Amino acid sequence: MSHKALPGFRDFYPAEYAVRAHITDTWRRVVRRFGFMEYDGPPLEPLELYTQKSGEEIVGQLYNFEDKGGRAVALRPEMTPTFARMVAARAQALRKPVRWFAVPQLFRYERQQKGRLREHFQLNVDIVGETDVLADAELLSIAIDICRALGLTRADFFARVSDRRLLNALLAHLQIDEAKWPAVYAVLDKLERQPREVSLDKLREAGLSDATCDAVLGFGALQTVDAIRAVYGASAEVSAHLDTFAEYAAHLDALGVGEYLRLDLTIVRGLAYYTGIVFELFDAQGEFRAICGGGRYDRLLLGLGGVDLPALGFGMGDVVLGELLKARGKLEAVAAEGADVWLVPHEGTPVPHVLTVASCLRGADVSVEYVLNAEKLRTRKSGAQLKDAQKAGARYALVFRESHTAELVPLIESALAPADRLLVDTSGWRADAPDAAALAPLLTALGR
RNA sequence: GUGGCCGUAGCUCAAUCGGUUAGAGCACCGGAUUGUGGUUCCGGGGGUUGCGGGUUCAAUUCCCGUCGGUCACCCCA
């Protein structure tokens with residue numbers, strides 16, 4: 001084979017597409033429960049949209065090129081700049097808070113590895129125009145609800161949550177110079193993944209005293225509001241942010257997802273733009289990358305769109321999530337669906353009549369299939385045609401007994417069998433004049 | 001971009017120390033059988049061993065390059 005998909009890109013055969021649809025359908029279903037509305041933007045954007053805030057370095061990670069009109073363009077690597085532009089353009093007119101979501105396909109030019117391809121689908125959920133911590137709680141509960149709707153439980157995943165303002169207050173309380181914060185963030189972000197000595201060296205390199213280094217390295221062990229208060233409660237600022245966090249936790253409890261919450265000061269989420277509560281969802285066994293991540297970014301819209309509105313949001317990709325669902329056996333029932341009904345003619349059934357019946361059923365929104373070869377349709381034994389139907393995954397077969405009388409036969413377990421043998425007289429059916437009354441018993445049996 | 005490991009039917013794998021027409025299961029196609037289907041049986045198609053070069057009488061096997069995969073680093077929307 002000379003033509004394969006490009007590195008990091010996927011061909012979705014029906015079996016894989018069924019998994020993708022299962023995930024994206026669940027995203028949409030759950031997010032709508034929270035009253036969010038779907039939007040979308042162009043997959044191709046001006047390169048400048050991404051370089052103006054992130055700098056030229058980001059170009060190395062983008063799929064970018066010059067179009068025939070000489071414009072520098074890029075396939076979107078993230079949705080936020082597009083979202084910011086759209087919100088900013090109508091900021092005055094939009095009813096606040098804005099509660100929107102999107103399911104864009106995103107692209108990045110990077111060497112692929114586990115959980116990271118060059119293309120993926122990512123749910124983006126954002127709220128604009130609300131500073132209250134209830135909005136933060138609502139946002140996290142959406143992400144958790146999605147995982148639960150996909151069959152995952154507390155034994156499978158949990159949320160690690162931190163707060164940038166709390167962290168900043170802690171660093172200020174430790175009298176760490178603000179210029180050193182980024183370096184400290186970087187160390188915290190990797191606290192779990194790199195040896196303590198390496199973290200210590202990096203903190204010393206940044207110019208922190210030994211006592212301060214110890215304090216920072218101890219952040220990972222502070223996993224409750226009370227634990228932090230016991231050590232740093234003397235700082236009024238720290239104390240105030242802890243109160244906010246406690247309120248956040250109480251909201252999550254009331255929303256029924258409190259058990260998933262774990263305070264974790266090592267969650268940093270990149271080094272830029274987040275300004276408040278930040279979170280990431282992880283699988284409980286620690287095998288995979290973060291399932292999703294997000295938080296509050298109150299100043300981002302000002303920078304990207306020129307509009308000063310508080311905002312928060314998260315992104316959840318299909319790749320890691322899919323890997324986790326597969327590993328936990330949550331995709332076994334997910335498969336491409338066959339037709340609702342497969343028509344199996346009797347020896348005396350005229351082929352045109354089979355087609356007419358198919359047309360009438362399709363007119364009633366029932367998917368119908370049959371052997372797509374007139375000669376075989378007429379001559380192939382009905383037993384063999386039933387086998388064809390079974391192999392194709394059809395839910396029911398409509399097997400003709402005589403030329404114009406057929407019986408509905410369930411083929412798969414989930415297809416409910418009619419109470420009795422359902423015999424249908426199709427002699428009066430006309431493709432150009434559907435008879436609703438004649439179809440009714442059949443549709444009822446099919447669950448329509 | 002840097003480094004490690006790996007490339008044999010659609011998939012999972014086999015092929016002695018380098019040795020003759022590269023095999024099997026699943027899947028697919030055809031047929032038989034099963035009183036109208038999930039069973040069973042018979043048969044069939046499908047591989048330039050990723051690609052290119054080298055060593056050798058002989059390369060799936062050894063060497064180099066390249067492409068692809070994978071893992072880690074980097075980065076993380």
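Letters A, B, ... are given to chains in the order of the sequence lines, protein chains preceding strands, and every chain is numbered from 1. Source: prediction; values computed, not measured.
The pair A/E197-A/R204 does not count as a salt bridge, with every side-chain nitrogen at least 4.0 angstrom from each carboxylate oxygen. Under the 4.0 Å criterion applied to side-chain N and carboxylate O atoms, A/E130 and A/R296 are not assigned as salt-bridge partners. Ion pairing between a basic and an acidic side chain is recognised when a charged N comes within 4.0 Å of a carboxylate O; A/R395 and A/E337 show no such pairing. At a threshold of 4.0 Å, the pair A/R99-A/D126 does not count as salt-bridged, since none of the basic side-chain nitrogens sits closer than that to a carboxylate oxygen.
Nucleotides B/G45 and B/A24 are separated by 12 Å at their P atoms, to the nearest Å. Spacing between B/U56 and B/G50 at atom P, rounded to whole Å, works out to 23 Å. Nucleotides B/A59 and B/C51 place their P atoms 15 Å apart, quoted to the nearest Å. Rounded to the nearest Å, the gap between the C1' atom of B/C11 and that of B/C28 is 12 Å. Here, B/G46 and B/G10 have their C1' atoms 9 Å apart, quoted to the whole Å. Here the separation of B/C17 from B/U61, taken at their P atoms, is 15 Å to the nearest Å. The same atom, P, is picked in B/C42 and in B/C26; the two are 11 Å apart, to the nearest Å. Between B/A22 and B/U48, the distance separating the two P atoms is 12 Å to the nearest Å.
Among residue pairs with one or both ends in residues 309-322 of chain A, those qualifying as salt bridge (charged side-chain N to carboxylate O under 4.0 Å, His left out) are A/R10-A/D318; sequence neighbours excluded.
Counting atom types as modelled, A/R111 pairs no side-chain N or O with a base atom of B/G69 as donor and acceptor under 3.5 Å. Within 3.5 Å, a donor on the side chain of A/R116 pairs with an acceptor on the base of B/C75, or the reverse.
Within the structure, every side-chain polar atom (N or O) of A/Q61 is placed at least 4.0 Å from both OP1 and OP2 of B/C76. The phosphate of B/C29 has neither OP1 nor OP2 within less than 4.0 Å of any side-chain N or O from A/K376. Regarding contacts with the backbone of B/C75, a side-chain N or O of A/K190 is found under 4.0 angstrom from either OP1 or OP2. Of the side-chain N and O atoms in A/R10, none sit less than 4.0 angstrom from OP1 or OP2 of B/G69.
Across all strands shown, A/G294 has no heavy atoms under 4.0 Å from either base or sugar-phosphate atoms. Among the atoms of the strands shown, only primed sugar atoms or phosphate atoms (P, OP1, OP2) are found under 4.0 Å from some heavy atom of A/Q112. Residue A/V409 is classed as a base contact, given a heavy-atom separation below 4.0 Å to a base.
Listed nucleotides B/C75, B/G30, B/C76 differ in distance to A/R193; the shortest reach to its side chain belongs to B/C76. Here the side chain of A/K387 is nearest to one of B/U40, B/G69, B/C75, namely B/U40. Side chain of A/L386, nearest nucleotide from B/C75, B/U33, B/G37: B/G37.
In this structure, A/P81 and A/P7 both approach RNA chain B, and ranking their closest nucleotides by distance from the 5' end singles out A/P7. Each of A/A384 and A/L6 was matched to the nucleotide of RNA chain B holding its nearest heavy atom; the match closer to the 5' end belongs to A/A384.
Rounded to a whole Å, the CG atom of A/D189 is 12 Å from the P atom of B/C73. To the nearest angstrom, P of B/G69 lies 12 Å from CG of A/D11. Distance NZ (A/K391) to C1' (B/C26): 13 Å, rounded to an integer number of Å. In this structure, CD of A/E323 is placed 10 Å from P of B/U70, rounded to the nearest angstrom. If you measure from atom OH of A/Y396 to atom C1' of B/G38, you get 17 Å, rounded to the nearest angstrom. Distance OH (A/Y13) to P (B/C11): 9 Å, rounded to an integer number of Å. Between A/R380 atom CZ and B/G31 atom P there is a gap of 6 Å when expressed in whole angstrom units. The NZ atom of A/K381 sits 11 Å away from the P atom of B/G37 (whole-angstrom rounding).
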What donor-acceptor contacts under 3.5 angstrom involve side-chain atoms of residues 304-317 of chain A, with partners at least two apart or in another chain?
none

(request) Represent RNA chain B in dot-bracket notation, 5' to 3'. Only Watson-Crick or G-U wobble pairs with both distances under 3.5 Å count; pseudoknot-style crossings use [ ] and interstrand partners use |. (result) (((((((..((((.....[...)))).(((((.......))))).....(((((..]....))))))))))))....
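Cation-pi geometry between A/R164 and A/Y185 is met: the NZ or CZ atom falls under 6.0 Å from the ring centre, inside 45° of the normal. Under the 6.0 Å distance and 45° angle rule, A/R118 counts as a cation-pi partner of A/Y109.
Of the residues listed (A/E323, A/Q113, A/E280), the one engaging A/R289 in a side chain to side chain donor-acceptor pair (under 3.5 Å) is A/Q113, and it is the only one.
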